[in-house]
Amino acid sequence: MTTIKSLDEQTQLELEAAAFRTLVAHLQERTDVQNIDMMNLAGFCRNCLSKYYVAAAAERDLTLDYEDARERVYGMPYSQWKDQFQTEATPEQKAAYKATHG
């Protein structure tokens, strides 16, 4: 294995893309993790990743619909994911969200 001290731009791009794909795959597998928990702990969630995806497309003068981006991140239409996996936020989760996100 080669130790990397610096990366050329293409290699960095490829590694970042692979890391993103791994994160998305992990989140698709961890349907037990609710978005509100992610927001409370990390300050971002699956919907945020979808918005980042749309913004990255726009930076390249590409139009990517938010719902299409969410389907890429969730691995299915958001409405389906919500019906199958989203639970009602507890009062504690809501309070934690309000405390950190005003």
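Distance check: Met76 CE to Thr31 OG1 gives 7.5 Å after rounding to the nearest 0.5 Å. Going from atom CG of Leu23 over to atom CD of Gln28 covers 10.0 Å, rounded to the nearest 0.5 Å. To the nearest 0.5 Å, atoms CD (Glu29) and CG (Asp32) are separated by 11.0 Å. Distance CG/Leu41 to OG1/Thr100: 9.0 Å, rounded to 0.5 Å. Once rounded to the nearest 0.5 Å, the distance linking CG of Leu49 with CE of Met38 reads 6.0 Å.
Residues satisfying the side chain to side chain contact (heavy atoms under 4.5 Å, CB included) test with Lys51, not counting sequence neighbours, are Tyr66. Gln10 is linked by a side chain to side chain donor-acceptor pair (under 3.5 Å) to Glu14, counting only residues two or more places apart in sequence or in another chain. Evaluation of the ring pair (Phe, Tyr, Trp, His ring centres under 6.0 Å) rule for Tyr97 yields His101 as partners, not counting sequence neighbours. Remark: Phe44 pairs with no residue by the ring pair (Phe, Tyr, Trp, His ring centres under 6.0 Å) rule, at least two apart or across chains. In this structure Tyr74 satisfies the ring pair (Phe, Tyr, Trp, His ring centres under 6.0 Å) test together with Tyr78, Trp81, sequence neighbours excluded.
Nearest approach of Ala69 to Leu64, heavy atoms of both residues: CB-CD2, 3.9 Å. Closest approach of Arg46 and Leu27 over heavy atoms only: NH2-O, 3.2 Å.
Looking only at distances, no side-chain donor or acceptor of Gln12 sits under 3.5 Å from a matching main-chain atom of Ser6. The main-chain N or O of Thr87 is found under 3.5 Å from a side-chain atom of Gln34 such that the two form a donor-acceptor pair.
With a 4.5 Å cut-off on side-chain heavy atoms, Tyr53 and Asp68 do not count as touching.
Residues Val33 and Val24 are members of one and the same hydrophobic cluster, defined by side-chain heavy-atom contacts under 4.5 angstrom among Ile, Leu, Val, Met, Phe, Trp and Tyr. Placement of Met39 and Tyr52 in two distinct hydrophobic clusters is found when ILVMFWY residues are connected by side-chain heavy-atom separations under 4.5 Å, directly or transitively.
Sorted by first then second residue, the salt bridge (Lys or Arg N to Asp or Glu O under 4.0 Å) pairs that include residues 92-102, not counting sequence neighbours, are Glu88-Lys94.
The neighbour count for Glu9 CD, taken as heavy atoms of other residues, nucleotides or ligands under 6.0 Å away, does not exceed 12.
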